[in-house]
Structures are given as structure tokens and as C-alpha cells.
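Have a look at the structure below before the remarks.
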Amino acid sequence: MTTCLHALSLPFLPMPSSPPVITRFAPSPTGHLHIGGARTALFCWAYAKRHNGSFLLRIEDTDQKRSSEAASRGILEDLAWLGIDWDEGPVFKRENADGTVNTPPTTLGGNPREIGSFYQSERRDIYDTYINWLVERDLAYPAFDTPEELTVRRQLAEKEKRTFVYRRAADYNRDAVLSRMNAGEPCPIRFKMPGTPISFTDEVLGEITVSADELDDFVIRKADGFPTYHFAVVIDDELMGTTHIMRGQEHLNNTPRHIALMKALVNQTTNQPFRIPKFAHLTVIANQDNSKMSKRDRDKAARAKCRELNIKAVTDVSAKAGTKPLPHFDALPPGDFEQWLGDKTRQLETHALEDLATAIGVELPEIAVDDFRRSGYLPEAVLNYIALLGWNPGEKGPDGKDLERFDTAYLVEKFSFDRVGKSASKFDRAKLIAFNQDAIAKLTDDQFLSRWEIWATRDDRETLGRVGVSRLRLVVGAIKGRCRTLKDVRSLVSFAMIDDGAYAFNAKDVEKHLKADDGAGFETLRALAPKLQALPAFDVASIDALLDAHATQTGLGMGKIAQPLRVAVTGAAVSPPLGATLAILGRDSSLARIRRCIDAQA
RNA sequence: GGCCCCGUCGUCUAGCCUGGUCCAGGACACCACCCUUUCACGGUGGACACGCGGGUUCGAAUCCCGCCGGGGUCACCA
């Protein structure tokens, strides 16, 4: 009550009674941000925003072997691209603000509460302090079993159909073990599990109980001196004030261990017991075939295609590639590719894999956020789609239908745990594409052009160079509505990327639209060419008007006029609206192409 | 295999807590038709689901039990 009165009398001070919501996303930097991780981050972000709290980012790089700085940076970029801004965490300067959803601060992260570093590898002295504290009280202890011994015991347990649960040996000699440790012999430290069952309430799954005999004396510090995930996560969440932990369901079974640790520990600064945050475990996102979505799926797809094409060696790939350059693939160490072919657990270097994919003509499935970015998806579409994977607002839109299309502002306004689903969901690319197509259609022409330019600068330099933004602007109205992804611009304007004398004619289309009726199509071309030549302005509107007028004068149907022209200038019967098609080619190219068609095909 | 979690159209899901308004609603994909200078967009319509078996009840997608199915996890990875 006192607090309330205080709050009333001092309205400019925050209420001290209810601590602010603090959520965190804590990826391990072993690669680009996985789409499932992005959903977790999104929900953490939305929950913090919803409650005017703070969303922090922490890099869990306690695995020296697998973590890399490049991966850390990549994850920051991925989150920033999505528009999931972190209030605290590694500092990141944003570029290309126009490519993201939210109007953003240009600098993300920071350390306003002085709780960093946000890299666990830089916090080892903190973990050691707590570990020593536990060891002194015999709540944790050094263990000198070799990995080999443990493997043997595990296998034995498996043979006897028991679960292997590590327990401190009955004849454990604390003094002896401690002196070995103090003498500097490397060894892992294990936490001594209290022999009691542990229950907690998961915000999405409900009541969870794990019995004592399922819980082992798990390792909290590895022999290399680094804490394990289990330990570092508990210490950091306390020290950083995390109030709500959202994470993947693969951590559900770890939660009792973490809670046991929390109950054993005391915050050395405040001298208070660790606070136990709320937990929310999110279901996994799977492929259509129910397999877990994994980075390896990309290798799998490429390997399958190789088998289909009977590719057995690097030379077979070069043969398929023809003149296409494969710089990264060619840079692979000798024998690497052949080994990869035969080993399902191997992954090819990212860019080499992409070279391979273009060479053999296979689409790699997008798995990481960055894959989606490079495939030409818009962040707002990705965000909307993944938000719906496991959460829904349970609301009808103005049209009376279930509301599905929304932005992050709406998510923030509505997000709550009780509408997060409990069942695993499959990733449906077709639906994502539909969302993306709609998101693109909603862009203004200028926005579209600007988004495309940013994207193409990184991912389609060829189209950017050969067509360019200024020519694309001529036909943006016609192109935009046909793009499922930004990548589609390329195929939509591909006819304009080939030299006037080099595009191929589709025989069937030539037959149907030009040669039929004793070459009526060619007559149309001959009649139209001088009119196009004489047109004062060669833009979409003028061309369309000319075509209309010609149709009226001749009494021919539009189909009889447009299709021959289309085949003449593009080689086939499919292209953007004809006015746009001619406009992007320009007058000279259009006429040259018509002439070439008459000469070559008549 | 032990433990934990989950189970509504092909897919994402609404409905389940607080049984009847549900012979189950929406979205994506699919099919048909319409519009149309091609392709697409758009419009209209269609097909498609409560895993199975018991119970409780006048009445169950909704409550209870069993079975089956799927997933997760059992590391000095996270």
C-alpha cells in the first residue's frame, strides 16, 4: 500500500514494487539465426514491449569449439534485419534502415544497467565465484571420471534398459578430490542434485513435474574451465534480472535442473536467494515431413540432386555448370566435395553449397533468417508468418474472418502466453510466399524500388547492373504485383537482360501467334513497326494507346495484336503487360527485335 | 527403451477452460468458373478435419480413462 501511495505522490518515479519485465534471447553463435530462434526472439521481444519492459540479447559462447565471432555478428545482423531491436546487449550499428520493418534506433544494444558483458565467454570470473561458493558448501563437487569411464557406464545402463543418471559415488572422498583439484588437475565440477522432485508451472504447457530419480548430478563447469550452458544461463538470468524465460521446448527437460540450481544459489551482491523466473517453452518448428528444420536440410537437398544427376566428382559438377562461374565451389579443398557426397553428417561451406546449387539447378530450402533474406523475402512477411506459427490473436478482422495479417505493433499490443499453442507446427513455405506476395503488393512503387535496390545490391548484382533501378521504374507498376519475392524481378525482366540478337524463339508460340492464318501475325508486326517508330513518347501509356488505336482501326482483337508483338520482342507468349515490356526495352531495342523476328522467322 | 510434452481439413489454426448456438469457422495450398492482350492479380463457388475405443451426460470436438500416433530429451553441446 505504501508503495502505491508513493507512486501516486511521486508520479515520475517507477513503482518499485513490481520489477519491470525483462526477457532475453540467448543464442549460441554457431551459425546464422535459425527461423525457429527468430520466432523465440520475436515472442521475447513482443512480451517485453507489451509490458514496457526490456529485451536483452546475450551471446552464449561457452562452447569454445563451436562458437565463432562471425556467427555472433551474423545473428545480430539477422535480428536487426527483422526489426527485433534489443534494448540491452552487444552494440550494433544498423545500416540500411530502409530494408527493415520498424523505424529504428541506428544503434542497438548497450549496457545501461551495467550488467554486461553480454558475451558469456567474458564472464568466466563471475561464474567461478559462484562455483567456488557452491563447492565450499559441498553443493557442487569436482569429479574425476574420464569420458571413457562415463561412456562405459552409459552403455551398461543402456544394455540394462535403465536411464543413466550420474550420482556421486558412495565412497566419494571429498578431501582427496578437493586436493586434486586444488593441485590444478583439470576436472569438471558437478552440481549435487537434491533428492527431491521438482515442479514448476510453464506459462504455455502448464504444470510440469520431474521426479528426483530422473535428475542427475550434472556438470556445471567443464574441464576446460568454461561453465556449461546450464550454469551460465542461471547465473546470468539472475544477474541480469530476467523475469521471463522463453525458449525452445528442447530445454523443457533442463528446466528442473536450472530451478534446482536457482534454489541453491544466493546472489552475492544482494545477498538474496536467486529469483525464479517464469518459464514459457515454445514448440519446435518442423519440416513438412516432420523432420526437424535443420541447416543440414540444405546439404541434404543438394546431395539428393547430385544422386539424381549421377554426380560423383567435382568434374561432373563443372560439366553441369557449363560457363557459370563457381568461385567458392572451386575453392574447396581437393576431395572435400567427394567426401561430402558420401557423408550425410557433413556440411559444405555455405557459399560453395550455393555455387553447387546453381550449377546443378536445385533450390535450397531456406532455414536460417538470412536464407529468407537472400531469397527475397520481406522482414514484415517473415515476422507475420512466424508469429502465426504457434500464436494467434483469436480475433476477427473487420471482414468477419479470423485475423491473420498483422504487423509487429499489433503483435506487441496483443501478445500473451495463453494464446501460444502447445502442439508442434510445420513450416509451410507456400503460406509464407503468399504473405510475402501480399507484403510486396502493399509497398508503394518507391518503397518497392528502394527495397529491391538494397536487396539486389547484395544478392542480384547482375540484374541491378543490366536493367538497373531507373529502367525498372518504368515498369514497376506492372512488375510489383507479380513478384512473390524480390528475387522474382529477375525472371520477370529476364527478357530485357539478353542482347537483342540473342534471345531464343519458342517454336510453339511462333507457330501459334505468328505463322498461323498465313502469317497474319507478321502482317501485324509490319504494320506496327512504323507506328512505333513514329510514336512521340515511348512510354507505357503511349504504347498502350497506340495498340488500342490500332485494334480499333483494323478491327482485330487485342489478342491478335498483342501476342504477335510479345512473341517478337521476347521470344515467347509470356511477359509483363505489353506496354511495360516494350517500354523497358526502349524504342531501339523493340524495333530491332521486331525486325529480327520478321527476318528470322517469316 | 526411461522420462517429459503434444494430437481439429494436406498445412497453420479458431472453437475446448465455462459441454448444446459446430452435420465444426478462417487462412494457405488445391479444383472449377468469371474477369483478362499472355502470365499474374482480383472475384465467385467447390472439395477437404474433430486419431481410435470406452465412459460421464438428455446432449461431447469440448469432461474422465485407456489405446494408438507424433515430437522432445537422456553430453565435460546449447
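In what follows, chains carry the letters A, B, and so on, assigned in the order in which the sequence lines appear, proteins first and then strands, with residues in each chain numbered from 1.
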Checklist line | Syn/anti state for B:C41 [syn: chi within 90° of 0] | finding: syn

Checklist line | Base of B:G72 paired with side chain of A:Q249 (donor-acceptor, under 3.5 Å) | finding: no

Check: Is A:I208 touching bases, backbone alone, or none of the nucleic acid, heavy atoms closer than 4.0 Å?
Finding: sugar-phosphate

Margin query: Before we go on, tell me: are the rings of A:W391 and A:F406 under 6.0 Å apart, centre to centre?
Written below: yes

Notebook entry, point to check: Is the centre of the A:F43 ring less than 6.0 Å from the centre of the A:F417 ring?
Noted result: no

Note to self: Rounding to an integer number of Å, can you tell me how far A:F427 CZ sits from B:U13 P?
What the structure shows: 12 Å

Next item on the list: Determine the Euclidean distance between corresponding P atoms of B:G42 and B:A29; express it in Å to zero decimal places.
Entry: 9 Å

Notebook entry, point to check: Should A:Y141 and A:D217 be marked as a side chain to side chain donor-acceptor pair (under 3.5 Å) after you check the CA-CA gap, both sets of side-chain angles, and the distance that decides it?
Noted result: CA-CA 9 Å; A:Y141 60 95; A:D217 290 1; 2.7 Å; yes

Item checked: Presence of donor-acceptor pair under 3.5 Å, side chain of A:K431 and base of B:A27 -> yes

Margin query: Determine whether a donor-acceptor pair (one donor, one acceptor, N or O, separation below 3.5 Å) exists between the side chain of A:R66 and the base of B:C77.
Written below: yes

Check: With a 4.0 Å cut-off on heavy atoms, is A:N254 in touch with a base, just the backbone sugar-phosphate, or nothing at all?
Finding: base

Next item on the list: May I ask you to establish whether A:R405 and A:F435 are in a cation-pi arrangement, using a distance under 6.0 Å from NZ or CZ to the six-membered ring centre and at most 45° from the ring axis?
Entry: yes

Checklist line | Interatomic distance at P, B:C33 relative to B:G70, whole Å | finding: 40 Å

Next item on the list: Just call it for A:H251: base, sugar-phosphate, or nothing, with non-hydrogen atoms closer than 4.0 Å on any strand.
Entry: base

Check: Can A:Q563 and A:R566 be counted as having a side-chain donor-acceptor contact under 3.5 angstrom?
Finding: yes

Next item on the list: Using a 4.0 Å heavy-atom cut-off across all strands, classify A:T163 as base, sugar-phosphate, or nothing.
Entry: base

Next item on the list: Could you give me the CA-CA distance, side-chain angles and deciding distance for A:R190 and A:I220, then say whether side chain to side chain contact (heavy atoms under 4.5 Å, CB included) is met?
Entry: CA-CA 5 Å; A:R190 287 178 181 269; A:I220 56 177; over 6 Å; no

Just the atom pairs and distances: protein N or O near nucleotides 14-18 of chain B's N or O, under 3.5 Å.
{"residue": "B:A14", "atom": "OP1", "partner": "A:N392", "partner atom": "ND2", "Å": "2.7"}
{"residue": "B:A14", "atom": "O3'", "partner": "A:R419", "partner atom": "NH2", "Å": "3.3"}
{"residue": "B:G15", "atom": "OP1", "partner": "A:R419", "partner atom": "NH1", "Å": "3.3"}
{"residue": "B:G15", "atom": "OP1", "partner": "A:R419", "partner atom": "NH2", "Å": "3.2"}

Check: Within the structure shown, what part of the strands sits under 4.0 Å from A:R154 by heavy-atom distance: base, sugar-phosphate, or nothing?
Finding: sugar-phosphate

